[in-house]
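A short worksheet on the structure shown next.
Values below: every heavy atom of this structure, side chains too, minus hydrogens, waters and symmetry copies.
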Amino acid sequence: MNWLRKTNVCTPMLVSVSVYRGHLAEGFRDQSPLASALIERWYMAPGVQRIDIREKGVRGTLFIPPGPGPFPGVLDMWGGGGGLVEYRSSLLASHGYASFVLEYFTDGAPLLSVSFQPICCVGVSGFHVILPGFSMRGIHEVVDKYFNVITVDENNHHIWREVAVQLMKDPSKKLNMGNISCPLLLVNGLDDQNCAASRFAEDIFQTLNATGKDHLLTTVQYPDAGHLIEPPFSPHSRATTFMTGTNSKLILLFGGQTKPHADAQEDSWRKILAFLQHHLYSSTTTTARM
């Protein structure tokens, strides 16, 4: 989805920073910089272990912090992009969490039942509706069914935010959030053009409020931030290419303005780490879910 996403977290991302005379909007390659520096951004702190997991149909990667432990455990689950995205888990391990990123949202992956009760949960730009099969094929089935609510902007970028909203109108398609018994942190951007996560956060609040559990919910919302709220200093992707079920490409609009979105990524990461620190390092049972 994004060519700047780090696929190999065992090596640093190299960023060249150069200073030029005056203000240049273009033509950098034609000028000699006044000064340059090569910056390495590492995703794995020294001593973090990376372990491939391929057992009985389960696919993922386990990152273990350095030191004797024990460490709080985090289950890291990504959404509709599919594949195995490791950089958030490697960063969590660098902050002292044994983090397992699960490749679960892809065709051919088995559906897994969670047999543990998480101590806390963090949801970033998420929604609580059930997609058929929890697979890429399921996404395409839903998009085809609700194609009439998909719109495009002036650049012909597809806006899918109303698709999941249509699913939310059917109670049988929603997870019963009233069953939650652990603290929940929701991080959303108000310019999310992909799934209108703030509307789902409001629905979750209403459900928890009706069951007397609204004290479990913490919601953080960022004006002018889009759907892809990632760890800090990740590039902002307002729109990206997406492969459809017919193997044709389209461009999805995820939303967000560059500066506010970058600020949201930095601020939300601090809040996520503080949330995990508060609930996991002070608990005798230490498993969280993202």
Next item on the list: Please step through side chain to side chain contact (heavy atoms under 4.5 Å, CB included) for the pair Cys182 and Ile119, ending with a clear verdict.
Entry: CA-CA 6 Å; Cys182 69; Ile119 296 302; 5.9 Å; no

Check: CG/Asn188 to CD/Gln221 distance, rounded to the nearest 0.5 angstrom?
Finding: 5.5 Å

Notebook entry, point to check: Does a donor on one side chain sit under 3.5 Å from an acceptor on the other, for Gln193 and Asp191?
Noted result: yes

Next item on the list: Give, for atom SG of Cys121 and atom CG of Leu217, the distance between the pair rounded to the nearest 0.5 Å.
Entry: 11.5 Å

Check: Taking 4.0 angstrom as the limit, do Lys6 and Glu86 come out as a salt bridge?
Finding: no

Next item on the list: May I have the step-by-step check of side chain to side chain contact (heavy atoms under 4.5 Å, CB included) for Phe100 and Val74, ending in yes or no?
Entry: CA-CA 6 Å; Phe100 176 57; Val74 175; over 6 Å; no

Notebook entry, point to check: Mind checking what makes side chain to side chain donor-acceptor pair (under 3.5 Å) contact with Tyr87, not counting sequence neighbours?
Noted result: Arg5, Glu230

Note to self: For Phe147 together with Trp160, are the ring centres under 6.0 Å from each other?
What the structure shows: no

Next item on the list: Answer yes when Glu162 and Arg199 have at least one side-chain N-carboxylate O distance shorter than 4.0 Å, and no when they do not.
Entry: yes

Checklist line | ILVMFWY cluster membership beyond Leu253 - transitive side-chain contacts under 4.5 angstrom | finding: Ile159

Notebook entry, point to check: So which pairs with a foot in residues 186-220 pass ring-ring contact (aromatic ring centres under 6.0 Å, His included), sequence neighbours left out?
Noted result: Phe127-Phe200, His128-Phe200

Check: Can you list the residues that meet the side chain to side chain donor-acceptor pair (under 3.5 Å) rule with Gln31, with sequence neighbours excluded?
Finding: none

Notebook entry, point to check: Who are the side chain to side chain contact (heavy atoms under 4.5 Å, CB included) partners of Thr207, not counting sequence neighbours?
Noted result: Met177, Asp203

Item checked: Shared-cluster residues of Leu14, by chain and number - hydrophobic side chains joined below 4.5 Å -> Leu38

